[in-house]
Protein chains: 2
Amino acid sequence: MSATDHVVYVVDDDSSSRQSLEFLIRASGSTVHAFASAKEFLRFPRPELPACLVLDVRMPGLTGLQLQEELARLGVRVPIIFITGHGDIPMTVQAMKGGAVEFLTKPFREAEMLRAIAQAIERDWIAHCERLEMADLRRRYARLTPRETEVMASVVTGLLNKQVAAELGAAEKTIKAHRGRVMQKMEATSLADLVRMAEKLRVGASGN
Amino acid sequence: MSATDHVVYVVDDDSSSRQSLEFLIRASGSTVHAFASAKEFLRFPRPELPACLVLDVRMPGLTGLQLQEELARLGVRVPIIFITGHGDIPMTVQAMKGGAVEFLTKPFREAEMLRAIAQAIERDWIAHCERLEMADLRRRYARLTPRETEVMASVVTGLLNKQVAAELGAAEKTIKAHRGRVMQKMEATSLADLVRMAEKLRVGASGN
DNA sequence: TTTCCTATCGGACTTAGGTCCAATGGTGCT
DNA sequence: AGCACCATTGGACCTAAGTCCGATAGGAAA
């Protein structure tokens with residue numbers, strides 16, 4: 001991992017602890033952005049890159065746990081490493097239930113922190129790729145006309161063109177036309193391909 | 001949830017705590033099996049039912065955390081609720097990382113325990129359905145001959161029969177024959193259906 | 001050896017899917 | 001009114017997929 005392909009955010013109200021974290025992480029070769037409060041972090045325009053967040057649990061204003069909830073609410077899925085001076089078990093449980101990758105108590109070993117960060121970045125790198133793929137998929141799906149989405153939904157459930165035609169009250173010919181355009185717009189190379197796309201987009205049926 | 005459609009396991013070396021747990025959970029309407037040690041629990045022939053495990057962290061012999069690891073190693077994915085008298089944060093983190101649904105400190109409120117159990121059973125109920133479905137899918141897949149699995153793998157990647165034929169070095173006619181048998185044995189009603197089965201079985205490609 | 005399964009193909013069709021070209025009618029925007 | 005886009009369909013064809021029947025051949029098990 002080079003410094004430019006991922007970024008580590010640090011949110012900690014204690015300036016000395018924040019600065020030492022910043023120094024440590026930067027020395028390990030990562031790009032770091034440090035903030036003194038949750039609000040500052042939320043205001044920061046985050047680039048679309050693999051990232052992770054090192055977050056102090058106790059802070060004035062929004063606490064670490066509240067920030068975690070807020071990010072979940074906003075759909076921001078950045079992996080979080082919590083640090084705390086005086087944490088308790090319920091707090092830990094809540095953080096971990098919320099999907100935190102690690103929960104470290106101060107003082108922690110530097111190696112431990114760096115290992116946790118590496119793991120978090122690794123995890124988000126995968127999620128990041130999936131986000132890019134999903135965004136592309138949704139972009140293509142958004143190009144479909146309403147009718148085409150209906151046809152796609154029916155086709156990927158395995159219905160024959162004539163069955164789709166009956167279901168949508170149109171001629172088989174029309175369905176073929178729509179279907180062809182669906183394949184084009186979705187850039188699907190085969191029906192199997194289209195079915196897999198539909199699965200990822202959760203269209204067509206029971207949302208499994 | 002009635003008493004017979006799920007089961008709660010309790011593993012705790014302290015007999016008084018174990019018995020009160022057993023009483024509490026039984027009173028809530030669940031079937032309970034209690035054990036004084038991890039080994040006893042592992043020996044117990046568990047029925048294929050939605051279940052959860054209430055587990056004391058500290059125990060002589062295998063500890064709760066070690067049992068969690070052992071179960072993961074064995075592929076037993078039963079949701080675990082940990083209880084502990086004197087736990088610490090690293091212990092909590094390890095347990096939660098291992099997929100525990102809850103980590104309660106003694107003394108805990110009874111309502112809290114019952115809520116955790118209900119949630120764990122709920123979670124395992126879904127996983128249980130998926131296990132049944134996967135088992136059925138694998139049963140069907142196991143009926144395929146080696147050649148048929150190859151054909152299926154190629155077909156679900158979206159290849160045409162003639163392309164599959166070229167890839168496997170056979171006549172298109174032969175592929176059609178295999179393909180027909182694949183559809184029959186897999187009980188697929190359409191290609192879309194077969195593709196979805198292949199996805200669940202993770203056959204055919206990059207294992208996404 | 002006989003039987004069963006697997007893998008292999010051919011012929012003869014039927015059905016389904018897909019393409020190219022062309023055309024009609026509605027809607028919404030400029 | 002003119003234009004773009006959408007939904008709709010027809011005709012003519014071509015290719016792909018699937019089915020029924022039959023047949024050969026090797027290997028494994030009874």
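What's counted below: heavy atoms across the whole structure, side chains too, no hydrogens, waters or symmetry copies. Naming convention: chains lettered A, B, ... in sequence-line order (proteins, then strands); numbering from 1 in each chain.
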Can you measure [X] atom [atom1] to [N] atom [atom2] for me and round it to whole angstrom units?
{"X": "L191(B)", "N": "dA17(D)", "atom1": "CG", "atom2": "C1'", "answer": "10 Å"}
{"X": "Q184(B)", "N": "dT6(C)", "atom1": "CD", "atom2": "C1'", "answer": "15 Å"}
{"X": "N161(B)", "N": "dT19(D)", "atom1": "CG", "atom2": "P", "answer": "11 Å"}
{"X": "L159(A)", "N": "dA16(C)", "atom1": "CG", "atom2": "C1'", "answer": "14 Å"}
{"X": "K162(B)", "N": "dA17(D)", "atom1": "NZ", "atom2": "C1'", "answer": "12 Å"}
{"X": "L160(A)", "N": "dG18(C)", "atom1": "CG", "atom2": "C1'", "answer": "15 Å"}
{"X": "E150(A)", "N": "dA7(D)", "atom1": "CD", "atom2": "C1'", "answer": "11 Å"}
{"X": "H178(B)", "N": "dA7(C)", "atom1": "NE2", "atom2": "C1'", "answer": "5 Å"}

Quick check: closest heavy atoms across [X] and [Y], and the distance to 0.1 Å?
{"X": "L144(B)", "Y": "V182(B)", "answer": "CD2-CA, 4.2 Å"}
{"X": "A120(B)", "Y": "P79(B)", "answer": "O-CG, 3.5 Å"}
{"X": "E102(B)", "Y": "K97(A)", "answer": "OE1-NZ, 2.6 Å"}

Look at the rings of H33(B) and Y9(B) and say which category their plane angle falls in: under 30° parallel, 30 to 60° tilted, over 60° perpendicular.
->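 Judged by the thresholds at 30° and 60°, the geometry between H33(B) and Y9(B) is parallel.
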Charged N to carboxylate O under 4.0 angstrom, D193(B) versus R196(B)?
->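 No, this pair does not count.
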Any side-chain heavy atom of L55(A) sitting closer than 4.5 Å to one from L67(A)?
->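 Of all side-chain heavy-atom pairs linking L67(A) with L55(A), at least one is under 4.5 Å.
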Taking Q68(A) for the side chain and A95(A) for the main chain, is one N or O donor matched with an acceptor at less than 3.5 Å?
->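 Yes.
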Indicate whether any N or O donor in one side chain lies under 3.5 Å from an N or O acceptor in the other, for R181(B) and H178(B).
->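 Present: a donor and an acceptor within the cut-off.
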Regarding Q94(A) and E69(A), is there a side-chain donor-to-acceptor distance under 3.5 Å anywhere?
->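 There is such a pair (donor and acceptor under 3.5 Å, judged by atom type) between the side chains of Q94(A) and E69(A).
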Identify, residue by residue, the members of residues 138-147 of chain B with a heavy atom below 4.0 Å from DNA chain D, and return them in order of residue number, or none.
->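 Under 4.0 Å from DNA chain D: no residue of residues 138-147 of chain B.
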Taking N or O atoms only and anything under 3.5 Å, show me the protein contacts with nucleotides 9-12 of chain D, one pair per line.
| from | atom 1 | to | atom 2 | distance (Å) |
| --- | --- | --- | --- | --- |
| dT9(D) | OP2 | A171(A) | N | 2.6 |
| dT9(D) | OP2 | T174(A) | OG1 | 2.5 |
| dT9(D) | O5' | T174(A) | OG1 | 3.2 |
| dG11(D) | N7 | K173(A) | NZ | 3.2 |
| dG11(D) | O6 | K173(A) | NZ | 2.1 |
| dA12(D) | N6 | K173(A) | NZ | 3.2 |

Select from K176(B) and M183(A) the residue whose nearest nucleotide in DNA chain C is closer to the 5' end of that strand.
->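 The residue closer to the strand's 5' end, by nearest nucleotide, is K176(B).
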